[in-house]
Amino acid sequence: MIETQSLSNPLREGLVESRRPQPFTMIIFGAAGDLAHRKLFPALYNLMVDHWLPHQINVIGFSRQPFDDEAFRREVEQSIRQFSRQPLDAKLFEQFVAGMHYLTANFNDREAYGRLRDLLTSLTQEQHVPGNYLFYLATPPSFYPVIAEQLGAVGLNASPNPQGWVRLIVEKPFGHDLDSAMALNGQLHQVFDETQIFRIDHYLGKETVQNILVFRFANGIFEPLWNRQYIDHVQITVAESLGIEGRGTYYDNAGALRDIVQNHMMQLLAMIAMEPPVAFEADAVRDEKVKVLRAIRPLSTRDIAMHTVRGQYDEGYIEGQKVPGFLDEPDIPSDSRTEAYVAMRLLIDNWRWAGVPFYLRTGKRLAKRATEIAIQFKKAPHRFFSQTATPDLEPNLLTLKIQPDEGIALRFGAKVPGPIVRIRTVNMDFLYGTSFADQAPEAYERLLLDAMIGDSTLFTRKDEVESAWALVDSILKGWARSKGPIPSYEAGTWGPAEADELIARDGFRWRRP
């Protein structure tokens, strides 16, 4: 049982108490894996240090590695020492691991789920806590239906307490295409209700992504401008300087379109383009996001050829180090047609966004790591200062920086000091790291806490997943029919020339974050 400390600040204590979950037990399937060690254990520890956890929780690891409770706790300690954003405190850590247990078992072993049920029953009775269970599937997606079926078979899809709750968190990728996503939804729904299923996308836990809704709907000066009358176009960039990092087999079966566009980028687009929800509640927010995804204009075969670009990186230099090309990476076949880069132009057919192009791009081995959303406004309709202003004065631009340095920047024109009128483009910047004294929590901390209290606002719903897959599926099928060569780009650059041509047709150019 983990015990947390009390807070001295009454105001903050009141805020924390309103979002502190009831006592519960978290069961992590795949607890010996990389995700659990890099993200989940550090996130739980940091939540405890920051006083967000209830006074009583248990954590049960469920995996094939042959650990006992003590060995498991030593693994957790190593994880926190290496990956926690807050240093390990010996006293707090002892409290943290006191409620940790481990079961060695295969995911398809029915008897092991019986032992899990017995352990949960024992902990519930001994500690006099409600039967609240949070199951986290930190496993390959092929095990999702297996684990769900086994949990249902031993009755763990429902709480033994009428006032208790049971929730299931699943990681991406959620399906490989539309058909597999729909099949997986069906398999999970045979055991769990949709309200119990939390499909996690760590991008939605990032502070700047959460701040999109606050920025738009809590500030009266921006929302009136958030439409086709004032916005020229939108660019969403998810750039990575890393390669596939030893994930050749996985990546060759996924590619950038499935790995990044279908989930992360579709979520960013939906949050930028959505209508104001009737309330800041999970289903109200997700209803508006689904409307955006369904309003994206379908891409015909000709559209796919004209408005999407895929690419593979050649060898080049990243931070002065020579790196191999995509086809030379381990476990990537020499004739692979999997994309390591994607760029596309999308239109949203609704009243707010009709005619405003949304440009999306993502890729491996690009010039730098950066994720941002850039909203470019239309130029002033009349060049009042045309005789004295800088001829190439750039239009106003609002940039939401998601990583690595979270913040918001606004670009506008200002007069240069002096007796004549000269205008120069300047930037007004806001950075989380310098504006707030509190250290920003990691994305998994926020998302785990939301799942603990049952807030599904930042988790994707069944219809969101399927709507995003419908668009991606059409692109995948269009690419499969194309037999032409796949464009290439040198590692350390910003992508293939064909992507520059895609956006240049509309008179724009890609930003360089």
Side-chain angles (χ1 to χ4, degrees), residues 85 201-219 221-223 225-226 230-242 256 260-261 263-274 289 318-319 341-344 346 356-377 394-414 425-447 458 492-495 499 503 508-513:
R85 66 178 173 86
D201 182 341
H202 73 273
Y203 259 55
L204 297 186
K206 293 180 179 293
E207 286 292 340
T208 309
V209 175
Q210 298 171 49
N211 203 41
I212 292 173
L213 299 182
V214 175
F215 183 81
R216 286 189 55 190
F217 304 131
N219 296 293
I221 64 174
F222 295 111
E223 187 58 25
L225 308 179
W226 215 262
Y230 299 99
I231 293 178
D232 212 12
H233 74 280
V234 178
Q235 295 184 28
I236 302 177
T237 298
V238 179
E240 298 179 271
S241 58
L242 295 175
I260 300 294
V261 176
N263 38 73
H264 301 331
M265 300 193 81
M266 287 295 103
Q267 288 293 321
L268 295 178
L269 182 149
M271 295 182 78
I272 284 293
M274 65 185 281
K289 288 162 64 181
I318 301 289
E319 297 180 351
Y341 176 96
V342 177
M344 64 180 67
L346 300 177
V356 177
F358 284 70
Y359 300 98
L360 282 62
R361 62 172 171 167
T362 183
K364 297 284 191 182
R365 292 296 189 200
L366 296 180
K368 63 183 290 189
R369 173 177 175 260
T371 298
E372 67 169 35
I373 304 169
I375 298 101
Q376 181 165 308
F377 293 88
E394 296 178 286
N396 300 134
L397 182 77
L398 180 67
T399 307
L400 307 179
K401 303 173 184 178
I402 297 171
Q403 65 181 17
D405 299 316
E406 295 182 302
I408 301 171
L410 179 64
R411 184 179 75 191
F412 56 93
T425 297
V426 296
N427 288 306
M428 183 181 296
D429 289 325
F430 152 74
L431 294 174
Y432 274 90
T434 57
S435 297
F436 296 105
D438 290 344
Q439 186 181 22
E442 297 289 339
Y444 275 90
E445 296 174 38
R446 169 62 191 271
L447 295 173
L458 297 178
T493 65
W494 281 105
I503 194 170
F508 306 128
R509 65 179 185 272
W510 292 110
R511 272 182 44 79
R512 297 291 186 260

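- With rounding to the nearest 0.5 angstrom, the CG atom of L458 is 13.0 Å from the NZ atom of K206.
- Shown here are the salt bridge (charged side-chain N to carboxylate O under 4.0 Å, His left out) partners of R369, two or more places apart in sequence or in another chain: there are none.
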Trace of the side-chain contact (heavy atoms from CB on, under 4.5 Å) decision for I212 with I373: CA-CA 10 Å; I212 292 173; I373 304 169; 3.8 Å; yes
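- Taking the side chain as every heavy atom from C-beta outward, L410 and F430 never approach each other to under 4.5 Å.
- Looking only at side-chain heavy atoms (C-beta outward), M266 and L360 come within less than 4.5 Å of each other.
- Under the side-chain hydrogen bond (donor to acceptor under 3.5 Å, both in side chains) criterion, K289 pairs with Q267, E464, sequence neighbours left out.
- Atom CE of M265 is separated from atom OH of Y203 by 8.0 Å, given to the nearest 0.5 angstrom.
- The heavy-atom pair separating L398 from I408 by the smallest distance is CD1-CG2, 3.8 Å.
- Within the 3.5 Å criterion, the main-chain N or O of A409 finds no donor-acceptor partner in the side chain of K401.
- The nearest pair of heavy atoms linking P513 to T237 is CG-CG2, 4.5 Å.
- Within the model, atoms CD of Q235 and CZ of R361 stand 6.0 Å from one another, a figure rounded to the nearest 0.5 Å.
- In plain terms, the two heavy atoms of A343 and A499 that are nearest each other are CB-CB, 4.0 Å.
- Considering only heavy atoms from C-beta on, M344 comes within 4.5 Å of V261 through its side chain.
- Ion pairing of R216 with E223 is present here, as a side-chain N (NZ or NE/NH1/NH2) and a carboxylate O approach within less than 4.0 Å.
- Atom CD1 of I402 and atom CD of Q210 lie 11.0 Å apart (nearest 0.5 Å).
- The ring pair (Phe, Tyr, Trp, His ring centres under 6.0 Å) search around H202 returns H264, not counting sequence neighbours.
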Salt bridge (charged side-chain N to carboxylate O under 4.0 Å, His left out) evaluation trace for K364 with E240: CA-CA 5 Å; K364 297 284 191 182; E240 298 179 271; 3.3 Å; yes
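- L268 is listed as a side-chain neighbour of V209, based on a closest heavy-atom distance under 4.5 Å.
- A donor-acceptor distance shorter than 3.5 angstrom exists from the side chain of R365 to the backbone of S241, with no hydrogens or angles considered.
- Qualifying salt bridge (charged side-chain N to carboxylate O under 4.0 Å, His left out) partners for R509, counting only residues two or more places apart in sequence or in other chains: E394.
- For the residue pair T362 and I260, the shortest heavy atom distance occurs at OG1-CG2, 3.6 Å.
- A 4.5 Å side-chain heavy-atom check between E372 and R511 finds at least one atom pair inside the cut-off.
- Taking F215 as the reference, F222 meet the ring pair (Phe, Tyr, Trp, His ring centres under 6.0 Å) condition, with sequence neighbours excluded.
- A256 and V342 make their closest contact through CB-CG2, 3.8 Å (heavy atoms, listed as atom of the first residue, atom of the second, distance).
- For the residue pair T371/Q403, the side-chain donor-acceptor check at 3.5 Å is satisfied.
- F217 approaches M274 most closely through the heavy-atom pair CZ-O, 4.3 Å.
- Here the CH2 atom belonging to W494 is positioned 11.0 Å from the CH2 atom belonging to W510, to the nearest 0.5 angstrom.
- The salt bridge (charged side-chain N to carboxylate O under 4.0 Å, His left out) check on E445 picks up R85, with sequence neighbours excluded.
- Interatomic distance, D232 CG to F377 CZ, rounded to the nearest 0.5 Å: 10.5 Å.
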